[in-house]
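So that the names make sense, note that chain A is the first sequence line, chain B the second, and so on, each numbered from 1.
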Amino acid sequence: MLDLRILRDDPDRLRENLAIRKIAVFDDLPPQAPDWAAATVARLSELDRRYRALLEEEERLRHEQNEVAAAMKGLGALPADERAARRKTLVEKGRALRENERLLAEQVAKARAARDEAWARVPNLTHPDAPRGDGDDAHRLLRTVGTPRDFEAEGFVPRDHLAVAEGLGIVDFEAGARVAGQKFYYLVEDGALLDLALQRYALEVARRHGFRLHVTPDLARAEIVAGLGFQPRGPSTQIYSVADADLCLIGTAEITLGGMLADTILDAEDLPLLLAGLSHCFRTEAGAAGQESKGLYRVHQFTKVELFAFTHGDEAVSDAMHRRFLDIEIEIFEGLGIPFRVLDMATGDLAAPAYRKYDLEAWLPGRGGYGEITSTSNCTDYQARRLKIRYRDAAAGKGRKKNRFVHMVNGTAVATSRAIVAIVENYQQADGTVVVPEVLRPWVGKDVIAPV
RNA sequence: GGAGGAGUGGCCGAGCGGUCGAAGGCGGCGGACUUGAAAUCCGUUGAGCCCCCCGUGGGCUCCGUGGGUUCGAAUCCCACCUCCUCCGCCA
């Protein structure tokens, strides 16, 4: 959620931002509609004005109520009969005011809900250096790390991870489908060890960088999910909900790490707070299908080590943290020996909470293309405002402390399923075995994964 | 799951249906003392929102959350959430 002052003080900035983000706030004003950004801002302003006008009227009535109640207190000194008469008048007046105020309160609540609902859908502002546009060509290539293997020179055609993994018997999608449905799977023997090894490896790197380790809940209240900027309900939601409970299966530990400190006020000296979270992640993957979704690449459940930071509410500070996150992600995949590229994601592809986002895309020989393996976003104060995560800050004045919203940065250390895809495809050998990346060997306990 | 108890400001903790945004303490900030620090003493210190003639201006709200009773609710009633104690069950 953005600061409402932007709507009131700088609507042009809001309109320009909407235009580059291409995220619809109102369903009947999609980004394809003419002047949709301007029309969206106009409607938001109108909702805000309506709410404030009603609120003002309600507060006036409340003020009168308070005056009646206060007048009642001064009655004690009067003679009994006069006191009774005054009392009767005041009670009647107070009662009438209460009735009116209640009617108005309903309208105020409705107007407020309408404004807030719309406002919550307005995307975050955007980093000035983020590339504009949308679509795969719009992203800015920042770096390429590692060199893809020359399989032709090695004399064989690389297979996709599913073929290799099933050949090795380290993944079982049939059993997954039988038990939980399509896009569920079992990791078996060395597959299970590989999964755990990736978790341990990522955690060790995170801890070395000063992140405090957490195994988080895999479920969270819908309110927390929404607070992080995810849509917990609705036809196109990526989030599973639990029936008869106000709970969602989390799509990422970003939700549980970010929600940890909801409604708290931190000490400025405690920032930045660096958290690592291990959780299962669940995604409905509504509407996703096709070759790119094959096998372990797009599944309903996977395990992930997430990095999370709460920083001072200063764009330079969170921006620096964001680059630090990117460096850690690069370190992790460089360590795994996977060739990848780093993209500065275009404005039209950013999710609503992100101010800026970098993706790591691994080279996947089985596909002959790149596929996203990790992602890191600076969400500035967008999530903190809704979750009410603040810190006491020494303001410009002497000794005065002011509460400010923290900035929140998240990033993937490792999503095991996709890392396994990248490892299996990049480390496969002509005989169908897979070499274990050196950094994982202590935990996998072998150099090569071969069929049992 | 059953039976009790409790949720108050950054933290701890008092609070009678009206003078309670709320005692007291800690912490923070400013000052005195000190070469400096500690100790001591004095003062000060909640948040969110709305309006305007934008000021040492006016108003509204907030005591777990949401409802209710009342002219008036931190205080009374109901529901929910969370925590604690005891019992039961259980990896």
- Message: Taking the minimum atom-to-atom distance to the side chain of A/E59, which one of B/G10, B/G59, B/A47 wins?
- Response: B/G59
- Task: Kindly write out the residues that satisfy salt bridge (charged side-chain N to carboxylate O under 4.0 Å, His left out) with A/R115, not counting sequence neighbours, or none if the list is empty.
- Result: A/D48
- Message: Does B/G59 have its OP1 or OP2 closer than 4.0 Å to a side-chain nitrogen or oxygen of A/H63?
- Response: no
Would you tabulate the side-chain donor-acceptor contacts of residues 250-264 of chain A under 3.5 Å, counting partners in other chains and residues two or more places apart, or write 'none'?
| residue | atom | partner | partner atom | Å |
| --- | --- | --- | --- | --- |
| A/T252 | OG1 | A/E254 | N | 2.9 |
| A/T252 | OG1 | A/K304 | NZ | 2.7 |
| A/E254 | OE2 | A/Q383 | NE2 | 2.9 |
| A/E254 | OE2 | A/N410 | ND2 | 3.2 |
| A/T256 | OG1 | A/T216 | OG1 | 2.8 |
| A/T256 | OG1 | A/A253 | O | 3.2 |
| A/T264 | OG1 | A/L261 | O | 2.5 |

- Check RNA chain B against residues 46-55 of chain A and give the residues with a non-hydrogen atom under 4.0 Å, in numerical order. A/R52, A/L55
- Message: Among residues at least two apart in sequence or on other chains, which ones pass salt bridge (charged side-chain N to carboxylate O under 4.0 Å, His left out) with A/R86?
- Response: A/E82
- Task: Give the stems involving RNA chain B, where a stem is 3 or more consecutive Watson-Crick or G-U wobble pairs (i with j, i+1 with j-1, and so on) under 3.5 Å.
- Result: B:1-7 with B:81-87, B:10-12 with B:24-26, B:27-32 with B:40-45, B:46-51 with B:57-62, B:64-68 with B:76-80
- Message: Under 3.5 Å, is there a donor on one side chain and an acceptor on the other for A/Y355 and A/E315?
- Response: yes
List the atom pairs, donor and acceptor, that lie under 3.5 Å between side-chain atoms in residues 53-64 of chain A and the rest of the protein, sequence neighbours left out.
| residue | atom | partner | partner atom | Å |
| --- | --- | --- | --- | --- |
| A/E57 | OE1 | A/R60 | NE | 3.4 |
| A/E57 | OE2 | A/R60 | NH2 | 2.9 |
| A/E58 | OE2 | A/R62 | NH2 | 2.9 |
| A/R60 | NH1 | A/E64 | OE2 | 3.2 |
| A/R62 | NH2 | A/E101 | OE2 | 3.3 |
| A/H63 | NE2 | A/E67 | OE2 | 3.4 |

- Can you name the residues that form a salt bridge (charged side-chain N to carboxylate O under 4.0 Å, His left out) with A/R323, not counting sequence neighbours? A/D319
- Query: Please give, in whole Å, the distance from B/G9 P to A/L266 CG?
  - Reply: 16 Å
- Message: Across nucleotides 68-74 of chain B, 5' to 3', mark each nucleotide with B, S or - according to how protein heavy atoms within less than 4.0 Å reach it.
- Response: -SBBS--
- Intermediate values then yes/no, ring pair (Phe, Tyr, Trp, His ring centres under 6.0 Å), A/Y297 and A/H161: CA-CA 9 Å; A/Y297 188 78; A/H161 74 278; 7.9 Å; no
- Task: Check side-chain hydrogen bond (donor to acceptor under 3.5 Å, both in side chains) between A/D195 and all other residues, then give those that pass, not counting sequence neighbours.
- Result: A/Q199, A/T416
- Nearest-nucleotide comparison on RNA chain B, the residue closer to the 5′ end among A/R60 and A/R115: A/R115
- Scan A/R8 against the nucleic acid and name what it touches under 4.0 Å (heavy atoms): base, sugar-phosphate only, or nothing. sugar-phosphate
- Task: Please collect all salt bridge (charged side-chain N to carboxylate O under 4.0 Å, His left out) contacts where either partner lies in residues 18-36 of chain A, sequence neighbours excluded, each pair once.
- Result: A/D27-A/R121, A/D28-A/R43
- Task: May I have all residue pairs that pass salt bridge (charged side-chain N to carboxylate O under 4.0 Å, His left out) and include part of residues 206-217 of chain A, sequence neighbours excluded?
- Result: A/R208-A/E331
- Pairs meeting criterion side chain to side chain donor-acceptor pair (under 3.5 Å) with involvement of residues 218-232 of chain A, two or more places apart: A/D218-A/H280
- Think A/N66 has a side-chain N or O under 4.0 angstrom from the OP1 or OP2 of B/C60? yes
